[in-house]
Number of protein chains: 4
Amino acid sequence: MKKMKRAGTEWKIVQAAMEIIVEKGLASVSMAMIARRARTGMGAIYHHFPTKEELINNIYTKIRDLQNPVKVNDPVDQKTEDFFLSFSNHYLSFFIHRPREFFLFMDQCEQSPIISDNSKQLDERSFWPLVEVLAKGQREKLIKNDLPATALAYFVKGALDGFLRWFFTRYKDEYVISPLELTRTIWDGIKCPLEIGQ
Amino acid sequence: MKKMKRAGTEWKIVQAAMEIIVEKGLASVSMAMIARRARTGMGAIYHHFPTKEELINNIYTKIRDLQNPVKVNDPVDQKTEDFFLSFSNHYLSFFIHRPREFFLFMDQCEQSPIISDNSKQLDERSFWPLVEVLAKGQREKLIKNDLPATALAYFVKGALDGFLRWFFTRYKDEYVISPLELTRTIWDGIKCPLEIGQ
Amino acid sequence: MKKMKRAGTEWKIVQAAMEIIVEKGLASVSMAMIARRARTGMGAIYHHFPTKEELINNIYTKIRDLQNPVKVNDPVDQKTEDFFLSFSNHYLSFFIHRPREFFLFMDQCEQSPIISDNSKQLDERSFWPLVEVLAKGQREKLIKNDLPATALAYFVKGALDGFLRWFFTRYKDEYVISPLELTRTIWDGIKCPLEIGQ
Amino acid sequence: MKKMKRAGTEWKIVQAAMEIIVEKGLASVSMAMIARRARTGMGAIYHHFPTKEELINNIYTKIRDLQNPVKVNDPVDQKTEDFFLSFSNHYLSFFIHRPREFFLFMDQCEQSPIISDNSKQLDERSFWPLVEVLAKGQREKLIKNDLPATALAYFVKGALDGFLRWFFTRYKDEYVISPLELTRTIWDGIKCPLEIGQ
DNA sequence: CATGAATGAGAATTCATTCAT
DNA sequence: TATGAATGAATTCTCATTCAT
């Protein structure tokens with residue numbers, strides 16, 4: 001019962017922080033605003049998070065952790081194309097099936113120096129499989145190698161994020177969209193063209 | 001040197017602001033830091049820009065204006081593929097041939113609510129030709145139509161920005177990169193697959 | 001003593017602000033000076049009053065409210081002369097029996113555009129009974145009607161304030177003064193001369 | 001011709017300063033605002049007036065000098081009542097026949113510490129005849145002596161200023177007003193009542 | 001654990017004044 | 001003389017953080 005309440009408070013704070021950061025921007029959000037939105041006192045926030053930075057980083061890593069379950073498939077085990085498609089689909093559907101604040105919050109934070117190096121290492125870890133599979137694909141001559149695998153990975157992540165940006169700021173339910181097609185589109189872009197006769 | 005010659009003060013401020021924002025991030029830059037870096041007094045900044053917000057927005061729109069020359073080619077006049085490729089190439093080479101601060105500054109600002117709706121309308125204007133050509137390509141059955149043209153445009157912009165992010169933060173001259181191949185990669189992704197037998 | 005007990009902070013700020021404004025003048029008082037005098041931090045002031053302007057206006061209206069108890073006697077109920085004299089006496093004795101800052105602060109503010117229209121409406125409300133009784137007196141032919149009642153009211157207020165200005169800046173206890181005689185003096189001025197033979 | 005221009009500039013500055021101070025208040029007027037209103041550069045102001053304080057004080061004393069012609073009638077020479085009435089009438093008509101900024105500017109400044117002691121001595125000098133005549137009247141048993149002459153003088157000045165405040169902020173040409181009646185009213189107030197039988 | 005008033009260093013902004021043109 | 005961009009100290013205001021209740 002008590003723990004319930006505590007967990008509830010922490011979640012209310014996280015919720016409020018995400019909402020308000022998405023609305024007003026990282027730079028112009030104060031702890032007092034978060035407290036007001038969360039309907040708690042300032043003290044409650046500082047009970048759960050020692051500093052503002054840690055609050056932001058904590059939310060950031062919470063989301064990354066949700067996104068990257070402990071056990072990540074090893075790219076080596078699977079067919080390159082399958083791994084690539086499932087990685088991308090997972091990335092998209094993770095955000096699509098969650099409150100819009102999840103993606104928009106991450107999108108705000110990603111370029112900001114408030115995110116500690118520590119938190120950024122988490123990013124790297126989640127980014128790594130993508131780089132790996134692209135490199136593997138290049139070695140297998142399945143994927144274009146005009147650019148280093150890292151560059152392709154940035155390109156792919158940019159494309160996915162661009163789509164999600166559209167989804168969460170422009171999409172209006174008018175019709176069904178299929179993330180699957182999107183990941184296929186990216187794959188079509190980066191894969192090597194079939195040789196004639198193949 | 002007590003007094004500054006008139007000329008160039010505004011540009012020195014813009015320069016300094018871009019540099020320092022790229023270094024420390026939008027949120028953690030103070031007007032005093034900008035003044036120090038620009039070697040002006042604080043008042044000089046406020047002489048040229050009424051508020052911090054307007055300074056940022058002004059730089060933002062200055063760059064967008066540079067990027068979008070008054071006369072934009074009309075997508076209707078050209079072959080779809082050519083227009084798409086030249087649009088994307090122009091976008092990439094604009095940033096690649098300019099100081100890295102240009103892109104990194106824009107990238108910082110783009111997701112931030114500090115950019116006013118007014119400035120964002122400029123974005124829309126520069127974005128529009130891309131949406132148009134994608135829509136035209138869809139009507140011509142040249143481009144996949146699983147997603148609305150706007151979504152594809154976000155996707156394309158995301159991909160280009162992802163690449164530039166890599167270019168300006170990871171690229172180390174090790175070897176020659178060709179933006180042309182990148183835009184071709186995107187085109188390969190979004191174009192309709194050739195029918196067998198064609 | 002690092003932290004202040006809650007109670008009384010607002011009053012200490014008001015107190016300090018009045019004192020220091022009376023000493024140095026509205027224009028040359030800074031929030032830092034007020035904070036120092038009140039022995040609070042600057043933040044405490046802004047916790048209670050959103051801006052410097054609102055602090056001033058708040059003090060102004062606080063005093064006006066003290067001065068005008070909710071229930072004001074209706075001029076219609078009483079003999080004109082009695083009402084006039086009691087109104088004036090009340091005005092004088094209110095300030096005479098309070099710290100000199102009360103009057104001197106009001107006197108500073110009254111002509112200053114820092115006092116918002118909103119606060120000025122309070123003035124009007126407290127001013128109204130005076131205008132009313134003068135108008136009534138004019139209708140009864142008890143009071144000279146060379147000038148509109150409003151003009152007379154400004155005149156009367158000016159006279160009372162002039163006296164108070166003397167009282168708080170020049171009076172030195174040398175001898176007893178009687179505000180009652182003053183209000184009588186004003187009355188003698190504005191009343192109609194007795195007809196010969198009456 | 002040249003001198004003309006210079007005199008013109010100085011007057012434009014004085015004019016502009018008075019206007020804007022009356023509008024916005026002494027505290028919130030900057031030299032830049034004055035320059036803009038006067039349609040001059042900042043330098044022009046500093047050619048004519050070494051500091052902001054001196055500008056204000058200069059205007060203040062300019063008006064006082066206009067008001068108090070070098071030769072002031074000596075109260076001793078005239079009948080007390082005549083001197084009192086002509087003094088008061090002169091005070092009122094001086095302001096009434098001049099732009100409203102004259103009075104309203106003086107009213108703003110009078111309580112402010114920006115007015116130097118030097119300038120204030122001018123006030124005293126113009127105030128002195130009033131105190132003198134009231135004292136003389138008291139010695140002659142023509143004027144009530146419940147209060148010291150200085151107090152009466154403050155009272156009288158307050159009354160006159162109160163009237164002018166009405167005149168310049170409320171009066172709307174509806175009908176003719178007669179300052180003469182006003183000064184008579186004050187006289188009626190402060191003079192000793194006639195003994196019955198006299 | 002929770003509250004929110006209080007702290008005070010630091011950020012944004014203003015403005016009297018100077019001076020190259 | 002006139003101009004107005006530039007200076008930078010002073011001022012207003014903000015906000016992460018603490019702590020008495």
Side-chain angles (χ1 to χ4, degrees), chain A residues 2-3 5-6 9-10 27-36 39-55, chain B residues 1-10 13 27-36 38-53 55, chain C residues 1-10 12-13 28-36 38-53 55, chain D residues 2-3 5-6 9 28-36 39-55:
Chain A
K2 272 241 177 125
K3 266 197 179 161
K5 196 175 170 215
R6 172 168 164 194
T9 303
E10 183 170 328
S28 44
V29 165
S30 70
M31 293 302 258
M33 283 164 106
I34 295 173
R36 213 172 309 124
R39 299 174 164 284
T40 59
M42 317 241 8
I45 299 185
Y46 282 89
H47 262 292
H48 294 279
F49 309 96
T51 67
K52 185 186 183 184
E53 254 186 51
E54 293 224 32
L55 166 61
Chain B
M1 188 216 306
K2 260 194 144 184
K3 281 291 148 76
M4 205 56 57
K5 298 308 159 304
R6 273 101 191 284
T9 305
E10 181 170 330
I13 292 165
S28 42
V29 165
S30 74
M31 293 304 255
M33 286 164 102
I34 295 172
R36 211 172 310 124
R39 299 175 161 283
T40 59
M42 317 243 351
I45 301 185
Y46 283 91
H47 192 71
H48 291 276
F49 309 96
T51 64
K52 185 184 180 185
E53 256 189 46
L55 167 61
Chain C
M1 189 217 304
K2 261 195 143 183
K3 282 291 148 78
M4 203 60 56
K5 298 307 159 305
R6 272 101 191 287
T9 304
E10 183 170 329
K12 269 171 30 187
I13 293 166
S28 41
V29 165
S30 73
M31 294 302 257
M33 285 163 102
I34 295 173
R36 211 171 310 123
R39 297 174 164 283
T40 58
M42 315 244 350
I45 301 184
Y46 284 91
H47 191 72
H48 291 277
F49 309 96
T51 64
K52 186 183 178 182
E53 256 188 48
L55 166 62
Chain D
K2 271 242 177 123
K3 266 195 178 161
K5 196 175 169 214
R6 173 165 162 197
T9 304
S28 45
V29 166
S30 70
M31 293 300 258
M33 283 164 105
I34 295 172
R36 213 172 307 127
R39 298 176 163 284
T40 59
M42 317 241 6
I45 299 185
Y46 282 88
H47 263 293
H48 294 279
F49 310 95
T51 66
K52 184 185 182 183
E53 254 187 49
E54 292 223 31
L55 166 60

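So you know, we letter chains A, B, ... as the sequences are listed, proteins then strands, and number each from 1.
Going from atom NZ of C/Lys52 over to atom CD1 of C/Ile34 covers 6.5 Å, rounded to the nearest 0.5 Å. Atom CE of B/Met33 and atom CE of B/Met42 lie 12.0 Å apart (nearest 0.5 Å). Rounded to the nearest 0.5 Å, atoms OG1 (D/Thr40) and NE2 (D/His47) are 11.0 Å apart.
Side-chain proximity of B/Thr40 to F/dT7, E/dT7, E/dA2: nearest is F/dT7.
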Which letter, B, S or -, goes with each nucleotide of nucleotides 10-16 of chain F from 5' to 3', with contact meaning a protein heavy atom under 4.0 Å?
-SSBBBS
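Residues satisfying the side chain to side chain contact (heavy atoms under 4.5 Å, CB included) criterion with A/Phe49, sequence neighbours excluded, are A/Glu10, A/Ile13, A/Val14, A/Ile45, A/Leu55, A/Asn58.
Per the geometry, CZ belonging to D/Arg36 stands 11 Å off P belonging to E/dA16, to the nearest Å. One atom, NE2 of D/His47, and another, P of F/dG4, lie 13 Å apart when rounded to the nearest Å. Whole-Å rounding puts the A/Ile34 CD1 to E/dG4 P distance at 16 Å. When rounded to the nearest whole Å, the span between CZ of D/Arg39 and P of F/dA2 equals 17 Å.
Here the shortest heavy-atom pairing between B/Met31 and B/Thr51 reads CE-C, 4.4 Å.
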Go ahead and write out DNA chain F as dot-bracket, 5' to 3': ( ) for pairs within the strand, [ ] for ones crossing earlier pairs, | when the partner sits on another strand, dots for unpaired; Watson-Crick or G-U wobble, both distances under 3.5 Å.
.||||||||||||||||||||
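OP1 or OP2 of F/dT1 has not a single side-chain nitrogen or oxygen of D/Thr9 nearer than 4.0 Å.
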